[in-house]
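This report refers to the structure that appears directly beneath it.
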Amino acid sequence: MGVIAMDKKQITLYYSSENSIGKQLNAYVESSGKDHLTIDISKTNVTGTQWAELADGLGKNISDLINTEHADFKKIYGDDTIDLDDDGWLKILNKNPVLLKNAIVIKGENFIELTSASDFKQYMDPDSAGIDKPY
């Protein structure tokens with residue numbers, strides 16, 4: 001059993017408000033009219049266990065969640081490939097939330113990595129109940 005609550009009726013968004021895609025995704029989720037929980041990792045500390053569960057849900061390593069091509073990453077760690085254990089990558093995420101590569105949405109038991117704000121639309125259930133069909 002994981003530590004992240006999963007509810008098929010709720011959208012959970014992990015994002016960084018320090019980048020424009022994160023801000024746009026937050027706006028989409030907030031305006032979706034669906035039950036939601038938004039977690040801005042720039043303002044809320046995400047535990048190592050939660051990061052591990054997010055990475056596992058995406059089928060990735062914790063290091064895959066970090067944008068090593070980001071200018072801030074290169075400024076701090078240089079252009080050389082760095083070899084860290086999971087604990088080291090977690091420290092990078094906690095100290096530099098802007099380095100989160102993509103926002104992560106949890107809907108039910110599905111973990112989805114979003115690379116753009118428009119990606120969010122395709123994962124929303126159509127909300128067309130009660131609308132007459134034009135044919």
Side-chain angles (χ1 to χ4, degrees):
M1 184 174 143
V3 295
I4 297 175
M6 293 181 226
D7 182 349
K8 63 183 177 184
K9 295 181 181 179
Q10 176 178 288
I11 299 165
T12 304
L13 172 68
Y14 285 82
Y15 75 103
S16 172
S17 63
E18 294 181 22
N19 67 46
S20 61
I21 292 174
K23 289 177 188 176
Q24 291 171 16
L25 280 165
N26 183 46
Y28 274 121
V29 171
E30 295 280 335
S31 66
S32 71
K34 309 258 184 201
D35 288 339
H36 62 275
L37 172 64
T38 55
I39 299 163
D40 180 357
I41 66 165
S42 302
K43 298 175 183 163
T44 303
N45 185 34
V46 178
T47 68
T49 304
Q50 289 170 312
W51 281 122
E53 190 173 344
L54 289 167
D56 187 53
L58 293 169
K60 296 187 173 215
N61 294 316
I62 293 171
S63 61
D64 297 329
L65 302 179
I66 298 171
N67 184 358
T68 57
E69 297 300 316
H70 193 283
D72 288 350
F73 184 89
K74 290 187 179 287
K75 181 179 175 184
I76 298 167
Y77 302 101
D79 288 327
D80 296 333
T81 303
I82 62 171
D83 185 27
L84 298 172
D85 61 6
D86 285 346
D87 208 35
W89 290 111
L90 289 170
K91 287 178 183 175
I92 289 174
L93 270 175
N94 284 329
K95 285 184 180 179
N96 305 290
V98 70
L99 297 178
L100 178 65
K101 187 182 283 185
N102 298 306
I104 301 167
V105 167
I106 303 171
K107 187 170 182 202
E109 295 184 9
N110 297 317
F111 289 72
I112 306 155
E113 192 171 20
L114 301 177
T115 59
S116 71
S118 61
D119 285 351
F120 177 72
K121 293 179 189 177
Q122 73 181 356
Y123 294 106
M124 295 304 303
D125 291 331
D127 205 9
S128 59
I131 298 176
D132 292 331
K133 295 179 182 174
Y135 49 89

Determine whether [X] and [Y] make a side-chain contact, defined as any pair of heavy atoms from C-beta on separated by less than 4.5 Å.
{"X": "E30", "Y": "T38", "answer": "yes"}
{"X": "D85", "Y": "L90", "answer": "no"}
{"X": "L100", "Y": "V98", "answer": "no"}
{"X": "L65", "Y": "L58", "answer": "yes"}
{"X": "V105", "Y": "L114", "answer": "yes"}

Check [Y] with [X], please: is the shortest side-chain N to carboxylate O separation under 4.0 Å?
{"X": "K74", "Y": "E69", "result": "yes"}
{"X": "D72", "Y": "K75", "result": "no"}
{"X": "K23", "Y": "E18", "result": "no"}

Mind running side chain to side chain contact (heavy atoms under 4.5 Å, CB included) on I104 and L13 for me, showing each step along the way?
CA-CA 6 Å; I104 301 167; L13 172 68; over 6 Å; no
Would I11 and L37 count as a side chain to side chain contact (heavy atoms under 4.5 Å, CB included) if you check the C-alpha gap in whole Å, the side-chain angles of each, and the deciding distance to 0.1 Å?
CA-CA 6 Å; I11 299 165; L37 172 64; over 6 Å; no
Looking only at heavy atoms, what is the nearest atom pair of [X] and [Y], with distance?
{"X": "N19", "Y": "G22", "answer": "OD1-N, 2.6 Å"}
{"X": "E113", "Y": "N102", "answer": "OE2-ND2, 3.2 Å"}
{"X": "K34", "Y": "H36", "answer": "O-ND1, 2.9 Å"}

Side chain to side chain contact (heavy atoms under 4.5 Å, CB included) between F120 and N26, intermediate numbers included
CA-CA 10 Å; F120 177 72; N26 183 46; over 6 Å; no
Please say whether more than 12 non-hydrogen atoms of neighbouring residues, nucleotides or ligands are located less than 6.0 Å from NZ in K91.
no
Heavy-atom neighbours of D83 CG exceed 12 at 6.0 Å
no
[X] and [Y]: side-chain donor and acceptor closer than 3.5 Å?
{"X": "S17", "Y": "D40", "value": "yes"}
{"X": "S118", "Y": "S116", "value": "yes"}
{"X": "T12", "Y": "Q10", "value": "yes"}

What pairs with F73 under ring-ring contact (aromatic ring centres under 6.0 Å, His included), at least two apart in sequence or on another chain?
Y77
Verify, without hydrogens or angle tests, whether [X] (side chain) and [Y] (backbone) share a donor-acceptor contact under 3.5 angstrom.
{"X": "N61", "Y": "D64", "answer": "no"}
{"X": "N96", "Y": "L99", "answer": "no"}
{"X": "T44", "Y": "I41", "answer": "no"}
{"X": "D56", "Y": "A52", "answer": "no"}
{"X": "H70", "Y": "T68", "answer": "no"}

Nearest 0.5 Å, please: how far is [atom2] in [Y] from [atom1] in [X]?
{"X": "L25", "Y": "S20", "atom1": "CG", "atom2": "OG", "value": "9.5 Å"}
{"X": "N45", "Y": "S42", "atom1": "CG", "atom2": "OG", "value": "11.5 Å"}
{"X": "D86", "Y": "S63", "atom1": "CG", "atom2": "OG", "value": "7.0 Å"}

Kindly determine whether Y14 and I106 satisfy side chain to side chain contact (heavy atoms under 4.5 Å, CB included), including the steps that lead there.
CA-CA 8 Å; Y14 285 82; I106 303 171; 3.9 Å; yes
Residues which pass salt bridge (charged side-chain N to carboxylate O under 4.0 Å, His left out) with K9, listed by chain and number, not counting sequence neighbours
none
Positive for side-chain contact (heavy atoms from CB on, under 4.5 Å) with W51, one of T47, L54, T49:
L54
